[in-house]
Amino acid sequence: MKRNAMKAAALALAALALTAGEPAAAETDGDCVYTLLDAGGAALTQRAGRIYEGDEYIAADDAWYRVTAVDDGAHTAVAEYLGSAADAQAFARSDTLAEGNALAEDSDLAEGGAREDGRKLIGMYSTHSDESYLPEDGTSSKWKNAGIYDVGDSLKQALEKRGIDVVYSRETFLPHDADAYSRSRRTAEELLKQGPDALLDIHRDAVPAEQYETEVDGEPVSKVRLFVGRSNQNAAENKAFARQIKAEADRKYPGLIKDIFIGKGNYNQEIYPHSLLLEFGTHEIEKQKAMESAGYMAEVLDSVLYGDAARAEGAKGTRAPAVSRGIGWAIALALLAAAAYALISTGTLKGAWHKLGRRASEISGGLFGNGPRRKP
Amino acid sequence: MTIGFILLILTGALILFGVGQRVLDRLRLTDRQALLFIALIIAGGFAPDIPVTDGFSFNVGGALIPLILCVFLWVRADSARERARCLVASAITAVAVGLLGRYMPADPSRLAMDPGWVYGIAAGLIAYALGRSRRGAFIAGTLGVMLADMANWLLIRAAGVDQQLTLGGAGGFDVIVIAGLLAVLISELVGELTERVRRGRRKPTREFVNGDFVRREQR
């Protein structure tokens with residue numbers, strides 16, 4: 001028993017060593033910032049956190065890039081230019097964005113207006129409940145009365161003024177560690193029970209302030225980054241949602257949306273196709289600017305979810321097959337995992353095939369696969 | 001919500017249902033018992049959370065049913081020694097989960113996998129090392145994450161923050177359920193691998209039938 005306990009402790013420590021990385025604090029105070037470069041070496045943007053090969057980036061001018069190389073030593077990544085996000089021809093060359101493009105035209109949002117009961121509802125929460133703004137809050141991380149809730153409240157009030165009900169959970173999910181998203185998922189699921197039209201996770205970024213400084217209607221405000229997690233079955237829907245918001249904001253308030261970053265990870269976006277992470281400014285920017293931009297974002301969201309933009313998109317046609325693509329991916333992954341397990345446990349292709357057949361037979365009540373061997 | 005959205009969400013639930021049923025089936029539960037528990041976990045996730053004290057509540061599907069299943073499995077364990085091992089594995093898993101949560105990167109993009117998966121793997125390995133028990137793995141994964149959750153909540157409350165804890169609040173997709181199910185799969189996988197290495201090319205002498213291993217007749 002003692003020997004086994006030692007083995008268990010060793011295994012736990014080994015797992016710890018394998019997964020440990022830079023402490024969470026480094027990701028909140030701007031110490032871990034990667035710069036994305038184009039093929040010519042010009043800086044495109046920055047991200048507070050690592051950038052991965054395969055991440056995608058849609059710049060303010062709709063230039064669309066995909067990351068091809070990452071240099072962890074220099075904290076830089078290089079992206080290849082793929083075309084314009086506004087150009088349907090360019091998107092047609094990409095499976096992922098062509099799918100997103102079609103969805104942007106035909107998405108659920110495009111049905112125009114509120115639900116059958118007439119209620120307009122948006123759910124909001126802030127996974128990183130300590131995120132704050134240095135100029136007003138005095139620190140970038142506060143466990144009580146964090147600045148991010150002031151920005152969330154501004155967005156809520158602006159949406160409510162437009163006749164949209166908002167449930168903004170002020171629950172905290174401390175500490176700001178790897179489990180923050182597991183904790184906030186519980187609140188996100190609770191919000192989903194009310195059937196919101198969109199589920200927004202309100203954040204702020206941790207890159208230098210100048211990246212987010214802008215003016216809208218002559219007023220200094222903070223830009224807003226739309227962040228999509230690409231490692232989930234809803235990614236195409238989430239991307240389409242982000243692209244619709246950017247298109248509408250670009251039309252109404254050019255410069256308000258900084259860009260769209262499509263990065264590795266799921267950020268709880270796997271639980272709902274209309275979920276999105278919004279970065280209102282950065283830790284170094286004045287919170288007031290982020291609160292001002294929340295007012296403009298409310299108008300954009302209203303238009304995309306319930307207003308003219310939604311009705312205009314609704315007139316374009318039927319739904320794209322991206323939902324079925326998402327379902328297909330989920331099922332394919334489940335089947336792949338089952339096949340890998342069967343192969344490992346039996347050691348031969350024939351054995352794995354037989355095992356899968358048995359399982360298919362059991363699950364389908366004998367309709368598919370092969371049943372157990374019977375004695376003659 | 002369109003039919004497409006509903007289908008997308010239903011697919012996730014059905015996969016959880018299928019995988020969950022297969023996993024619980026490995027815990028010496030009958031097919032019906034496994035189906036019942038996994039159905040209760042999914043359906044219970046939609047029930048209102050049950051408040052216990054100020055700031056603490058739990059979800060039926062994400063916490064209560066998994067806890068009942070843990071007790072059910074624990075009571076049915078073969079010996080007092082196995083029952084003790086289950087508790088030790090749960091305590092070690094709770095410590096491992098607490099440490100992993102603290103030291104893993106906070107940004108999901110920097111994680112190779114979802115934290116719930118990491119905890120499931122840790123629980124599966126710990127339980128297997130302690131007693132090669134699939135039941136122990138489920139109990140360690142489930143109770144370990146629950147204990148770590150509650151410990152974190154108490155620490156945050158002690159720091160003066162009025163944080164809420166809804167144990168298992170994400171229902172069937174909560175980290176508690178994911179870690180419990182994955183722990184069984186990991187211990188199963190490690191068990192199958194080590195058994196296969198030991199067995200070489202000889203045919204297996206045991207077969208899994210109706211929730212239990214039985215000696216296979218040599219043909």
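The figures that follow rest on heavy atoms only: side chains count, while hydrogens, waters and symmetry mates do not. Here is the naming used below: chain letters follow the sequence lines, and residue numbers restart at 1 for every chain.
Note that the CZ atom of B:Phe173 and the OG atom of A:Ser182 stand 14.5 Å from one another [nearest 0.5 Å]. With rounding to the nearest 0.5 Å, the separation of OG1 in A:Thr172 from CD1 in B:Ile156 is 7.5 Å. The line from CD of A:Glu190 to CG of B:Asn59 is 7.5 Å long, rounded to the nearest 0.5 Å. A distance of 7.5 Å separates CG of A:Asp177 from CZ of B:Arg102, quoted to the nearest 0.5 Å. In this structure, B:Ser109 OG and A:Ile51 CD1 are separated by 9.0 Å, a value rounded to the nearest 0.5 Å. Between atom CH2 of residue B:Trp153 and atom CZ of residue A:Arg183 there is a gap of 13.5 Å, rounded to the nearest 0.5 Å.
Contact annotation for A:Arg170: neither backbone nor side-chain heavy atoms come within less than 4.5 Å of a heavy atom of chain B. Heavy atoms of B:Tyr128 lying under 4.5 Å from chain A are absent altogether. Proximity to chain A (any heavy atom under 4.5 Å) is restricted, for B:Leu165, to the side chain, taken from C-beta onward. Residue contact with chain B, scored on non-hydrogen atoms closer than 4.5 Å, is absent for A:Arg230.
Most heavy-atom pairs under 4.5 Å with chain A, from the set B:Gly168, B:Gly169, B:Pro48, B:Ala89: that is B:Gly169. Among B:Val175, B:Asn152, B:Thr166, the residue with the largest count of heavy-atom pairs under 4.5 Å with chain A is B:Asn152. With chain A as the partner, the residue from B:Ala123, B:Ala159, B:Gly171, B:Pro115 showing the most heavy-atom pairs under 4.5 Å is B:Pro115. Chain B forms more heavy-atom pairs under 4.5 Å with one residue of A:Gly229, A:Gly263, A:Pro175, A:Ala188 than with any other, namely A:Pro175. Options A:Asn266, A:Asp179, A:Thr187 differ in how many heavy-atom pairs under 4.5 Å they form with chain B, and the most are formed by A:Asp179.
Shown here for B:Ala170 and A:Arg185, the closest heavy-atom pair between the two residues is CB-CG, 4.0 Å.
Crowding of A:Trp143 atom CH2: a count of heavy atoms from other residues, nucleotides or ligands under 6.0 Å exceeding 12. Heavy-atom neighbours of B:Asp78 CG from other residues, nucleotides or ligands within 6.0 Å: above the threshold of 12.
Between B:Arg110 and A:Tyr52, some side-chain heavy-atom pair lies under the 4.5 Å cut-off.
We find that A:Arg186 and B:Asp174 are joined by a salt bridge, their nearest charged nitrogen and carboxylate oxygen being less than 4.0 Å apart. Taking the charged nitrogens against the carboxylate oxygens, B:Asp107 and A:Lys264 have no contact shorter than 4.0 Å, which rules out a salt bridge.
In this structure a side-chain-to-backbone donor-acceptor pair under 3.5 Å is missing from A:Tyr181 to B:Pro108. The main-chain N or O of B:Gln164 is never found under 3.5 Å from a side-chain atom of A:Glu171 such that the two would form a donor-acceptor pair.
Residues satisfying the side-chain contact (heavy atoms from CB on, under 4.5 Å) criterion with B:Leu64, sequence neighbours excluded, are B:Phe58, B:Val60, B:Ile68.
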